[in-house]
Amino acid sequence: MNAKHIDEGNFPMIATARSLGVTLLDRIGNTPLLSLERLTAHLPGVQILGKVEWANPGGSIKDRAAAAIVLDAEKRGLLKFHQAEGGSGGRALLDATSGNTGIAYAMLGAALGFPVTLCVPSNVSPERKNILAAHGATVIWTDPADGSDGAIRTARALAAAEPDHYLYADQYGNEQNWKAHYRTTANEIWKQTEGQVTHFIAGLGTSGTFMGTTRRLRELNPKIKCISMQPDSPFNGFEGLKHMATAIVPPIYDAKLADANIFMETERAYVMAKELGRRDGLLVGVSAAGAVAASLQVAEQEARAGREAVIVTILCDSADKYLSERFWREG
Amino acid sequence: MDIHIPTPLRAYTGSKQTVNVTGATVGQVLQQLTDSYPELRQHLYTPEGKLRSFVNIYLNDDDIRYLPGKESTPIEESDELTIIPSIAGGRYF
């Protein structure tokens with residue numbers, strides 16, 4: 001065994017410092033499309049496919065919108081990157097969030113070098129609190145009884161009081177939110193289904209995913225049915241989703257865009273989350289489980305009508321941040 | 001005693017933020033609350049009468065699920081009951 005010979009003879013010289021690997025930003029988007037075969041085994045000609053959005057580096061679909069918002073703000077000179085290296089002078093990014101968008105901002109702030117301040121209802125899960133703290137974000141906790149609305153009011157007041165210190169990103173009203181999905185999510189779905197997608201189903205929160213993806217898919221094929229899913233009650237167990245009839249409607253939401261809407265009970269999503277965990281090896285979050293339950297409802301309708309269908313839905317995050325919820329251990 | 005109503009449920013309490021009720025136990029005051037505002041019942045309880053999984057009710061700072069007496073826990077006039085969803089979704093009035 002001649003170590004010297006191996007060192008000198010078998011390894012190439014590194015002549016230039018060429019960058020290898022990918023960056024954090026490169027890893028956002030281009031998520032896998034997972035076939036949920038077992039769910040539709042009894043429905044010939046009907047498939048349900050889920051975009052695995054927890055494959056994004058921040059663990060949710062919100063990385064797409066957050067990255068688009070942040071990059072746009074930097075391009076327009078509203079937000080400075082690498083602030084930690086270059087001293088002070090830049091503003092902090094500020095927004096209200098109930099979880100995943102906050103995690104995405106906190107991750108991007110840490111990676112790109114800008115401070116992040118988040119207004120968050122104090123009843124978000126302990127897992128979320130720990131992630132935000134680990135990325136070094138500043139968090140202002142708001143009254144849990146006021147839901148996300150309390151967080152939004154706090155963020156607006158802070159932005160108005162200290163405009164030199166904060167850039168209010170406003171995910172509910174920022175056009176970059178839906179445009180991120182118009183540019184990326186929809187085109188990925190089209191490519192991954194080889195243009196065969198017949199139905200698109202997604203939950204409504206800020207509505208960015210549904211608005212952007214639907215607009216682009218309709219351009220690619222106007223016949224695609226786009227169906228929104230929302231909680232059946234203003235008081236529900238879907239983190240980040242909205243009951244639009246009782247919510248302040250996000251400025252980017254257009255109620256006329258959906259072909260149909262499905263109202264989802266929290267308990268139905270819990271049943272699906274447990275079923276996917278136990279029978280498919282998939283630990284998805286409650287909103288993702290609700291989207292799958294809505295997709296199965298549509299799949300059964302199509303099969304009854306004797307039609308073939310390729311149904312695509314969004315698995316917006318995994319169960320990681322919800323495992324402390326008691327429903328996993330009930331029933 | 002006062003029961004604090006979270007924003008999304010105020011649509012069913014005539015916009016009241018707090019509702020004053022009387023009773024000897026947590027269960028009794030919750031019963032009085034849903035008798036006074038029947039629309040609340042389906043949002044708090046399953047059809048079988050069990051507290052829905054994502055609904056947390058706090059007696060002062062304690063989740064009633066983890067109190068030894070649960071809904072039979074005795075209360076005093078100065079106590080406060082607060083209804084909070086276990087997660088922080090949505091955007092409400």
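Excluded from the calculations below are hydrogen atoms, water molecules and symmetry mates; all remaining heavy atoms, backbone and side chain alike, are included.
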To the nearest 0.5 Å, how far apart are OG in A:Ser233 and CG in B:Leu44? 9.0 Å

Within a radius of less than 6.0 Å around CG of B:Asp61, do more than 12 heavy atoms belonging to other residues, nucleotides or ligands occur? no

So, for B:Pro8 and A:Pro234, which heavy atoms are closest and what is the spacing to 0.1 Å? CB-O, 3.6 Å

Report the distance from atom CD of A:Glu265 to atom CZ of B:Arg52, rounding to the nearest 0.5 Å. 7.0 Å

When A:Arg326, A:Arg128, A:Glu267 are compared by non-hydrogen pairs under 4.5 Å with chain B, the top option: A:Arg326

Are B:Ser53 and A:Glu325 side-chain neighbours, meaning at least one heavy-atom pair lies under 4.5 Å? no

Is chain A contacted by the side chain of B:Tyr12, its backbone, both, or neither, given a heavy-atom distance below 4.5 Å? side chain

Which heavy atom in B:Pro85 sits nearest to a heavy atom in A:Asn236, and how many Å separate them? CB-O, 4.3 Å

Search all heavy atoms of A:Asn123 against all heavy atoms of B:Ile84 and return the closest pair with its distance. ND2-CG2, 3.7 Å

Classify the ring geometry between B:Phe54 and A:Phe235 as parallel (under 30°), tilted (30 to 60°) or perpendicular (over 60°). tilted

Should we say atom CD of B:Glu77 is surrounded by more than 12 heavy atoms from elsewhere, each under 6.0 Å from it? yes

